[in-house]
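Counting starts at 1 for both ligands and their atoms, following the listed order. Note that the structure is a prediction, hence the values are computed from the model and not measured. Hydrogens, waters and symmetry mates play no part in the numbers below; they use all other heavy atoms, side chains included.
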Amino acid sequence: MIFRWQDDMPPLENYAVVVVDTLRATTTMATILERGAKGVLPVADVDEAFSLRSQNPHILLGGERHNRPLPGFDAGNSPFDYAETMVQDRLVVLSTTNGTQAVKRVKDASWLALGALVNARACFEAQIQAEEKGLVVCAGTEGQIALEDVLAAGAIVSCWPTSLRGDGAHLACALYNRWQHDLAQGIRLASHAKTLIDQGLEQDVDFAAALNIYSQVPVRQDTNWFAYP
Ligand code: MLT
């Protein structure tokens, strides 16, 4: 398990990778598909998002910088921004500060999915079926380890057999085991949770603490878009 993305990621060609950005990018992307979108595409650059929409005006743009919606975008990075009536059968491009950057760094993985507390169990099950070595990559926050990502990573890797867990996975499991019965409180220890709460986004923090409310996982398709298989 990798606690935060780095520029020099190890070769990932033989890995089934789950990227985790619990607050809020991967929670939100899972929610976008859950609300009926056809696909979601994480992109690192705002310009790339605008360019994709200029090629296909039906694409919705979402995302944030400094946790706030971007000018000219249709929505921010809150799961509450994506009602079923808005995203049903649509394609959504998302650009965020850390989560979508992390996805870019692991693009060479042979299988790639988006994980969070909301779909932790389903991530484990999908990863097993991918029949590659499993790896969880946390996005972190601006190059630093982020507690909420390690918490969700722990929820995923606690399903792995103990013999498959490296030191990082054991650490993540220990954190998850400590808070699994009170995830809403555990996630509040995270500095990014405090920032979001200060910005009036407490409901997003609570939403991200909901365990296993989704039974499917956004998985990268041949088109590079993430969808429910
Ligand atoms: C990110 O990708 O940095 C996060 O999802 C930030 C946020 O809370 O919107």
Close-contact set for ligand 1 against Asn67 heavy atoms, below 4.0 Å
6 (C), 7 (C), 8 (O), 9 (O)
Using a strict cut-off of less than 4.0 Å between a Lys/Arg side-chain nitrogen and an Asp/Glu carboxylate oxygen, indicate whether Arg24 and Asp204 qualify as a salt bridge.
yes
Checking contacts here: is it the side chain or the backbone of Glu64 that comes within 4.0 Å of ligand 1, counting heavy atoms only? Could be both or neither.
side chain
May I ask you to say whether Glu48 pairs ionically with Lys104, meaning some side-chain N is under 4.0 Å from a carboxylate O?
no
Which heavy atom in Leu189 sits nearest to a heavy atom in Leu147, and how many Å separate them?
CB-CD1, 4.1 Å
Among Asp21, Asn98, Leu201, Thr100, closest by any non-hydrogen atom to atom 4 (C) of ligand 1
Asp21
How many angstroms lie between OG1 in Thr96 and CE in Met29, if you round to the nearest 0.5 Å?
6.0 Å
Does ligand 1 have any atom sitting under 4.0 Å from a heavy atom of His192?
yes
Please work out which of the three classes, parallel, tilted or perpendicular, describes the rings of Phe73 and Phe50, given edges at 30° and 60°.
perpendicular
Pick, from Thr96, Asp204, Thr22, Asn77, the option with the minimum heavy-atom distance to atom 5 (O) of ligand 1.
Asn77
Given Tyr228 and Glu34, is the side chain to side chain donor-acceptor pair (under 3.5 Å) satisfied, shown in steps?
CA-CA 9 Å; Tyr228 277 168; Glu34 197 68 24; 2.4 Å; yes
What are the atoms of ligand 1, with element, lying closer than 4.0 Å to any heavy atom of Thr97?
1 (C), 2 (O), 3 (O)
Is there a polar contact between ligand 1 and Leu196, counting only N or O atoms under 3.5 Å apart?
no
Which atoms of ligand 1 are found less than 4.0 Å from any heavy atom of Ala25?
2 (O), 5 (O)
